[in-house]
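Remarks on the structure that follows.
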Amino acid sequence: MAKRPGIPKGTRDFSPEEVSKRNYIINIIRSRFELFGFMPIETPSFENSETLLGKYGDEGDRLIFRILNSGDFLRKADEAAYSSGDSTGLAASISEKALRYDLTVPFARYVVMHQNEIDFPFKRYQIQPVWRADRPQKGRFREFYQCDADVVGSDSLWQEVEFIRLYDAVFSDLNLEGVSIQINNRKVLAGIAEVIGAKDRLIDFTVALDKLDKIGAEGVKKEMAEKGISQEAIEKVQPLFTLTGDNESRMQVLRDLLRDSATGTQGLDELDFVLKAIDSLPLSNAALKLNVTLARGLNYYTGAIFEVSAPEGVSMGSIGGGGRYDDLTGIFGLKGVSGVGISFGLDRIYLVLEELDLFPASVAQTTKVLFLNFGDKEALYGMKAVAALRAEGVKAELYPDDAKMKKQMSYADKRNIPFVVLAGTKEMEDGVYTLKNMKTGEQQQLNLSELSSRLNL
RNA sequence: GUGGUUGUAGCUCAGCUGGUUAGAGCGCUGGAUUGUGGUUCCAGAGGUCGCCGGUUCGAACCCGGUCUUCCACCCCA
């Protein structure tokens, strides 16, 4: 016997029901993207390695799926790298392509390549799978979908305001209540690092600070100390650990702390603009929260940083994230184009909706009426009605085989098809169809136009 | 990449300290019911106990390896 087939770790098959539910989410996101003026693009599932490598930090490079060169790849292999145990060098010589790791970097590459055809500010959305060679975990897969919307070519903070409203609009449509959109600004983080004298340790500092929720103030201090941040500096950030109250009072504490940092103050001005704008344009569902400990690792964010958390009580990492990157296209040779964008994590949103039982019952799409098959003559009679119903937009089908009635009926039952039509010799003689309601068991004989108007309800 | 966890019928899971022929529920097939499904009753099919190796008179059970599942860390959607 053949070995049982399997699929790679961290990948999944989707059943018809799961696909319907995923499409439900995607359709809401897509229609909101378009309502806000974003245009769709798609990029290849794999890129040249050099496009991706080095854009996500060392950790990111490790998680990029590399594609082995075709043909006799050993001929070009770097033997020196192999014998000296240099995996990176060897990989570069036998692999020149890699699977897309996110949608932002390929988008930057797209903007640079198509800069002369694009009208700036360029607003694009993209809904495609990405791949990461991560170890699977709750809500973490090796193949998953991101739904991104970005704008390039505008420095305006109104874009940040728009994205917050976009998040709110999508989660409202999904009936997902209690979502919190956290906002921070990279310049504020840089300013803090500056005033405490840890400017050169910005990344280590922010990564440690980001864990406040998880490991507490003591844990953060410990990690900072381990990363070589001075005791004196750690004391100075103390006020951040106990930051409470509404957005306004938090801002005041930060104003005081960052008084001497031009960068930090600019970051606060930006935050202030966005927070005030949202105050005047209230969100319908989500809550916007200033969170100075938010530090998402992405190396390219330079201004606003966003992260969306699932409602309290649902244990799930972030279900969305984003931010502003002033110079992303600079890496590919196009300077001075600012971008800002957000991402929705489809697979995680799915898990949250499932856990909270928020998928509408109507998501499951099935055939509305199944015609039973009593033989070729009767099937032809049924098929004429099927064609007429389809022309009216009624999902209708004929059971393909002249099987036992019990089998055909239970097929309709298992597929949750609400109506069946019985059309045998008796019906043919009278020119009618027997319509059976599978839920109530009720049956009635109808002519074609009665049948059509009954099923069109 | 680090640490832990899981794997027995299509599915969910029992299976004692290593001991005859590995079980249940659901599902599936057939029948009760030749133009009526979902309920009920009867009968039946279905397993290389993830895979490879080892210990033993004897392994689903113990040991090693490997793959897979899930979880935590790192990192992230």
Side-chain angles (χ1 to χ4, degrees), chain A residues 1-12 15 25 29 56-64 87 100-104 127-148 167 203 206-208 210-211 214-215 219 223 294-299 306-310 315-323 341-352 370 372-375 378 399 402-428 434-443 445:
Chain A
M1 197 176 86
K3 204 181 146 199
R4 249 179 134 175
I7 57 175
K9 187 194 328 201
T11 64
R12 298 150 296 159
S15 66
I25 300 171
I29 292 174
Y56 310 100
D58 292 343
E59 188 66 18
D61 280 359
R62 186 170 69 75
L63 298 176
I64 290 173
S87 304
R100 182 169 59 213
Y101 176 89
D102 72 356
L103 301 178
T104 307
I127 298 174
Q128 290 191 276
V130 302
W131 295 269
R132 296 185 186 177
D134 218 348
R135 242 191 235 199
Q137 218 181 107
K138 183 172 188 186
R140 171 178 293 188
F141 309 98
R142 301 179 106 179
E143 177 182 60
F144 61 97
Y145 268 70
Q146 288 191 332
C147 313
D148 277 29
Y167 266 139
I203 298 286
T206 52
V207 166
D210 189 48
K211 293 178 191 164
K214 211 174 203 170
I215 60 180
E223 178 159 336
L294 175 63
R296 295 292 88 188
L298 288 178
N299 296 352
F306 303 113
E307 177 165 321
V308 182
S309 311
S315 78
M316 180 61 62
S318 61
I319 56 177
I342 58 172
S343 181
F344 290 82
L346 170 67
D347 303 81
R348 288 187 176 178
I349 291 170
Y350 182 103
L351 292 172
V352 170
L370 178 77
L372 300 197
N373 188 327
F374 295 108
E378 295 87 344
Y399 192 90
D402 176 11
K404 271 191 239 176
M405 205 169 157
K406 182 189 169 88
K407 191 176 166 91
Q408 299 191 46
M409 290 291 283
S410 66
Y411 177 77
D413 196 47
K414 274 180 267 190
R415 280 188 54 196
N416 267 314
I417 294 172
F419 295 97
V420 298
V421 164
L422 292 81
T425 43
K426 279 187 284 181
E427 283 86 354
M428 285 173 73
T434 299
L435 179 70
K436 178 182 173 101
N437 180 324
M438 292 296 276
K439 204 164 214 163
T440 62
E442 174 188 9
Q443 291 185 193
Q445 299 210 323

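Everything quoted here is computed from the prediction, not taken from an experiment. Chain identifiers are assigned alphabetically (A, B, ...) following the order of the sequence lines, protein sequences preceding nucleic acid strands; residue numbering begins at 1 within each chain.
- For the pair A/Gln408 (side chain) and A/Asn373 (backbone), a donor-acceptor distance under 3.5 Å is present.
- Which of B/rC70, B/rU68, B/rA77 sits closest to the side chain of A/Pro136 comes down to B/rC70.
- Contacts of A/Asp134 classified as side-chain hydrogen bond (donor to acceptor under 3.5 Å, both in side chains), with partners at least two apart in sequence or in another chain: A/Arg140.
- To the nearest whole angstrom, the two P atoms, one in B/rU56 and one in B/rA43, are 46 Å apart.
- Distance check: A/Leu372 CG to A/Lys404 NZ gives 15.0 Å after rounding to the nearest 0.5 Å.
- For the segment residues 138-148 of chain A, residues with any heavy atom less than 4.0 angstrom from an atom of RNA chain B are, sorted by number, A/Lys138, A/Gly139, A/Arg140, A/Phe141, A/Phe144, A/Gln146.
- Heavy atoms only, all atoms of each residue included: A/Gly424 and A/Glu378 are closest at CA-CG, 3.8 Å.
- Separation of the P atoms belonging to B/rU6 and B/rG10 is 22 Å when rounded to the nearest angstrom.
- Counting only distance, with no hydrogens or angles, the side chain of A/Arg348 and the backbone of A/Gly139 share a donor-acceptor pair below 3.5 Å.
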Check: For nucleotides 31-38 of chain B, read 5' to 3', which letter fits each nucleotide if B means a protein heavy atom sits under 4.0 Å from the base, S means only the sugar-phosphate is that close, and - means neither?
Finding: S---BBBB

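- Protein atom CG of A/Asp134 is 11 Å distant from nucleotide atom P of B/rA77, rounded to whole Å.
- For the side chain to side chain donor-acceptor pair (under 3.5 Å) criterion with A/Thr434, the lone passing option out of A/Gln443, A/Glu427, A/Lys426 is A/Glu427.
- A/Asp210 places a side-chain N or O within donor-acceptor distance of the main-chain N or O of A/Ala295, the cut-off being under 3.5 Å.
- A/Gly322 comes within 4.0 angstrom of no nucleic acid atom, judged by non-hydrogen atoms across all strands.
- Residues A/Glu143 and A/Thr11 bring no donor and acceptor atom of their side chains to less than 3.5 Å of each other.
- Rounded to whole Å, the separation between the P atoms of B/rG50 and B/rG15 comes to 15 Å.
- Under the 30°/60° scheme for interplanar angles, the aromatic rings of A/Tyr56 and A/Tyr101 are found to be tilted.
- Taking atom CZ on A/Arg12 and atom P on B/rA77, their separation rounds to 16 Å, with Å as the unit.
- The listed nucleotides are B/rG1, B/rU69, B/rC76; the one nearest the side chain of A/Lys9 is B/rU69.
- Rounded to a whole angstrom, the distance from the P atom of B/rG23 to that of B/rG44 is 14 Å.
- Formation of a donor-acceptor pair under 3.5 Å by the A/Arg142 side chain with backbone atoms of A/Pro136 is not found in this model.
- Here, B/rC76 and B/rA14 have their P atoms 38 Å apart, quoted to the whole Å.
- Here, B/rU20 and B/rA60 have their C1' atoms 16 Å apart, quoted to the whole Å.
- Qualifying ring-ring contact (aromatic ring centres under 6.0 Å, His included) partners for A/Tyr350, counting only residues two or more places apart in sequence or in other chains: A/Phe359.
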Note to self: Output the pairing pattern of RNA chain B as a dot-bracket string, 5' first, Watson-Crick or G-U wobble with both distances under 3.5 Å, | for cross-strand pairs, [ ] for crossing pairs.
What the structure shows: ((((..(..((((.....[...)))).(((((.......))))).....(((((..]....))))))..))))....

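- Atom CZ of A/Phe306 and atom P of B/rA77 are 14 Å apart (whole Å).
- A gap of 28 Å separates the P atoms of B/rU12 and B/rG18, to the nearest Å.
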Strictly under 3.5 Å: I want the nitrogen or oxygen pairs between protein and nucleotides 3-8 of chain B, one per line.
| unit_1 | atom_1 | unit_2 | atom_2 | d |
| --- | --- | --- | --- | --- |
| B/rG3 | O6 | A/Arg135 | NH1 | 3.3 |

Next item on the list: In sequence, state the C-alpha distance, the side-chain angles, and the governing distance for A/Phe144 and A/Val130, and then conclude on side-chain contact (heavy atoms from CB on, under 4.5 Å).
Entry: CA-CA 6 Å; A/Phe144 61 97; A/Val130 302; 3.4 Å; yes

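- Closest approach of A/Thr206 and A/Ile203 over heavy atoms only: OG1-O, 3.0 Å.
- One interatomic measurement links the two molecules: CG of A/Leu63 to C1' of B/rC73, which rounds to 14 Å at whole-angstrom precision.
- The main-chain N or O of A/Gly321 is found under 3.5 Å from a side-chain atom of A/Tyr167 such that the two form a donor-acceptor pair.
- For the C1' atom pair drawn from B/rA24 and B/rU68, the interatomic distance equals 26 Å after rounding to whole Å.
- Rounded to a whole Å, the CD1 atom of A/Ile319 is 18 Å from the P atom of B/rC76.
- In this structure, CG in A/Asp102 is found 7.0 Å from CG in A/Asp148, a value given to the nearest 0.5 Å.
- Rounded to an integer number of Å, the gap from CG of A/Asp210 to C1' of B/rC76 is 10 Å.
- What separates CD of A/Gln137 from P of B/rC76 is a distance of 13 Å, to the nearest Å.
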